[in-house]
Amino acid sequence: MGRLLVESLAWLQQRILDAAQHQIPLRLRGSGSKDFYGEAARGEALDVSVHQGIVSYEPTELVITAKAGTALSLIEQSLAEHRQMLAFEPPHFGPQATVGGMVAAGLSGPRRATSGAVRDFVLGMSLIDTNAEVLRFGGEVMKNVAGYDLSRLHVGALGTLGVIAEVSLKVWPMPAASETLWLAMDASAAIEHLNRWAAEPWPLSASAWVDGHLILRLEGAQAAVSQAATRWQKDYQAKFLSADQARQFWDDLKEQRLAFFGAVRQSSKALWRVSLPSASAHQSSWGDTVIEWGGALRWVLCSNDDASIREQARALGGHASLFRSLDKRHPVFSPLAPAMLALQRRIKREFDPLGIFNPGRLMPSLDVNASFA
């Protein structure tokens with residue numbers, strides 16, 4: 001395995017050298033599970049999935065290090081054998097999703113509001129730059145903070161700053177107990193209750209309002225979970241989901257397999273990902289909505305040609321991105337303010353001066369070389 005890892009790294013380096021020499025843009029790709037996300041990909045495909053394998057995993061240290069092309073399912077399976085997990089619950093969106101794609105997309109699942117986001121769990125990484133040199137940031141232990149912010153820069157950058165070669169991640173133990181309950185409740189009441197509960201000591205690890213029902217997941221010590229479940233069952237007539245039902249629901253929510261999400265693949269509707277202050281009122285005029293993260297994340301289905309939701313989100317103190325759409329006539333991500341745009345362009349030039357890595361994938365305004373447009 002070690003020889004294969006060295007050979008795959010050398011192969012990636014040579015491909016990057018060739019591309020840099022001829023100024024050929026590269027379209028970085030693992031399994032393609034996140035191809036829908038971000039702006040349209042351009043350039044010659046560079047298959048990062050060839051560089052795979054778990055480099056090290058020490059359960060007692062709560063750290064795992066893996067090559068970028070390693071299947072996310074393998075990571076999670078290895079952790080589960082020791083009752084550990086990736087606490088931010090990254091969505092796969094495909095059976096062969098890779099750990100590199102997970103970091104590049106920077107997407108987190110239902111537990112994000114209580115555990116943190118992907119970037120909060122990245123301890124360090126190795127990156128291949130335009131000179132085909134391997135740059136190392138951060139470390140492989142939780143006490144090591146050197147270079148930590150540089151590692152975080154690449155989370156959610158969609159591969160526009162270089163080829164992620166290796167990642168070290170902090171992991172968590174699985175909770176001792178878990179219960180999922182659902183309550184009949186309208187959206188406005190759900191938002192009010194979630195914000196009130198957030199200030200109280202309940203072991204609430206995830207929430208979702210879907211089609212007139214508020215679904216809650218309680219996790220932690222058995223006594224705390226049982227006490228909270230009993231209280232909500234008594235006060236709100238909450239009903240329990242079985243362990244299998246609960247597992248299926250949260251997985252379907254994370255992977256966007258619920259019926260709500262199917263509409264964007266079967267019609268002209270677009271799926272907007274709206275981040276708002278958690279106490280923001282429910283916007284019924286936006287159309288069909290799923291609410292997560294204690295009210296802070298709103299998934300909204302609306303017409304493809306309706307970009308007014310972006311302005312409305314900004315007025316409420318948030319922002320909106322076009323998460324899934326067959327027609328991307330509008331920018332996927334909110335335009336940056338001039339000062340932030342200048343900073344992001346500078347970062348892009350520092351890491352990718354030739355502009356060969358995923359040009360335009362994050363936003364066209366960051367392109368280094370306009371000839372690639």
Side-chain angles (χ1 to χ4, degrees), residues 27-41 48-49 64-72 75-76 85-94 97-127 137-138 147-172 206 253-256 271-276 292-293 296-299 318-324 331-334 336 340 343-344 347-348 351-352 357-358 360-363 366:
R27 174 167 52 91
L28 312 184
R29 194 171 190 268
S31 71
S33 63
K34 314 292 190 303
D35 280 355
F36 70 88
Y37 184 55
E39 301 288 352
V48 184
S49 67
I64 189 168
T65 300
K67 302 297 180 180
T70 308
L72 193 48
I75 299 287
E76 292 176 334
M85 63 181 183
L86 297 175
F88 49 92
E89 288 184 291
H92 293 212
F93 297 135
T98 63
V99 67
M102 173 197 77
V103 173
L107 300 173
S108 305
R111 200 183 282 107
R112 184 256 184 268
T114 53
S115 69
V118 181
R119 62 173 53 88
D120 300 312
F121 290 83
V122 174
L123 295 172
M125 69 170 59
S126 298
L127 186 85
F137 309 115
Y148 182 66
D149 286 342
L150 286 178
S151 295
R152 291 167 61 128
L153 275 178
H154 300 273
V155 180
L158 290 177
T160 57
L161 301 179
V163 178
I164 297 172
E166 185 177 300
V167 182
S168 293
L169 298 164
K170 176 172 58 177
V171 302
W172 277 12
L253 176 66
K254 174 172 68 80
E255 301 298 335
Q256 298 191 342
L271 178 65
W272 289 84
R273 184 178 188 267
V274 187
S275 177
L276 295 175
E292 283 195 79
W293 297 0
L297 176 62
R298 319 282 172 96
W299 297 103
H319 59 86
S321 57
L322 187 58
F323 193 77
R324 286 185 188 266
V332 170
F333 302 105
S334 298
L336 298 174
M340 183 58 69
L343 175 61
Q344 294 295 331
I347 292 172
K348 172 69 172 173
F351 280 96
D352 182 20
F357 295 127
N358 276 0
R361 185 72 192 277
L362 193 60
M363 51 183 65
L366 295 180

- Message: Looking at Glu39 and Arg361, is there a salt bridge between them, counting it only when a charged N and a carboxylate O are closer than 4.0 Å?
- Response: no

- Message: Between Leu169 and Val99, does the side-chain contact (heavy atoms from CB on, under 4.5 Å) criterion hold? Intermediate values first, please.
- Response: CA-CA 10 Å; Leu169 298 164; Val99 67; 4.0 Å; yes

- For the residue pair Ile164 and Ala68, what are the closest heavy atoms and their distance? O-CB, 3.0 Å

- Query: So how far is it from Met102 CE to Ser33 OG, rounded to the nearest 0.5 Å?
  - Reply: 11.0 Å

- Can you see which heavy atom on His154 is nearest to which on Leu127, and at what distance? CE1-CD2, 3.2 Å

- Quick one: are Leu161 and Lys348 in side-chain contact, heavy atoms under 4.5 Å? yes

- What's the shortest heavy-atom distance between Ala117 and Ser108, and which atoms? CA-OG, 3.5 Å

- Note on the structure: Taking every heavy atom of Lys254 against every heavy atom of Pro110, the minimum-distance pair comes out as CB-CD, 3.9 Å

- Query: CD1 of Ile64 to CD of Glu76: how many Å apart, nearest 0.5 Å?
  - Reply: 10.0 Å

- Message: I want to check something: taking the side chain as every heavy atom from C-beta on, are Phe121 and Leu86 in contact at a cut-off of under 4.5 Å?
- Response: no

- Task: Flag the pair Glu255 / Phe93 as yes when at least one side-chain heavy-atom distance between them is below 4.5 Å, and no otherwise.
- Result: yes

- Item | Note, Phe333 side chain near Leu362 side chain (heavy atom, < 4.5 Å) | yes

- Message: Would you compute the distance between atom CZ of Arg324 and atom CZ of Phe36 and round it to the nearest 0.5 angstrom?
- Response: 3.5 Å

- Task: Quick one: closest heavy-atom pair of Ala105 and Leu158, and the distance?
- Result: CA-CD2, 3.9 Å

- Query: Are the aromatic rings of Phe357 and Phe351 close, with centres under 6.0 Å apart?
  - Reply: no

- Message: I'd like to know if the side chain of Ser115 and the backbone of Ala87 have a donor-acceptor N/O pair within less than 3.5 Å.
- Response: yes

- Message: Minimum heavy-atom separation for Gly318 and Leu276, please, with both atom names.
- Response: CA-CD2, 4.0 Å

- Pi-cation contact, Tyr37 with Arg273 (under 6.0 Å, within 45°): no

- Query: Can you tell me how far the CZ atom of Phe137 sits from the CE atom of Met125, to the nearest 0.5 Å?
  - Reply: 8.5 Å

- Message: What's the separation between atom OG in Ser321 and atom CG in Leu271, rounded to the nearest 0.5 Å?
- Response: 8.5 Å

- Decide side-chain contact (heavy atoms from CB on, under 4.5 Å) for Asn358 and Thr160; before the verdict, give the C-alpha distance in whole Å, the side-chain angles of both, and the deciding distance to 0.1 Å. CA-CA 5 Å; Asn358 276 0; Thr160 57; 4.1 Å; yes

- Spell out, as yes or no, whether a donor-acceptor pair under 3.5 Å connects the side chain of Trp293 to the backbone of Arg111. no

- Does a side-chain heavy-atom distance below 4.5 Å link Arg112 with Val118? no

- Query: Looking at CG of Leu366 and CD1 of Ile347, how far apart are the two atoms once the value is rounded to the nearest 0.5 Å?
  - Reply: 9.5 Å

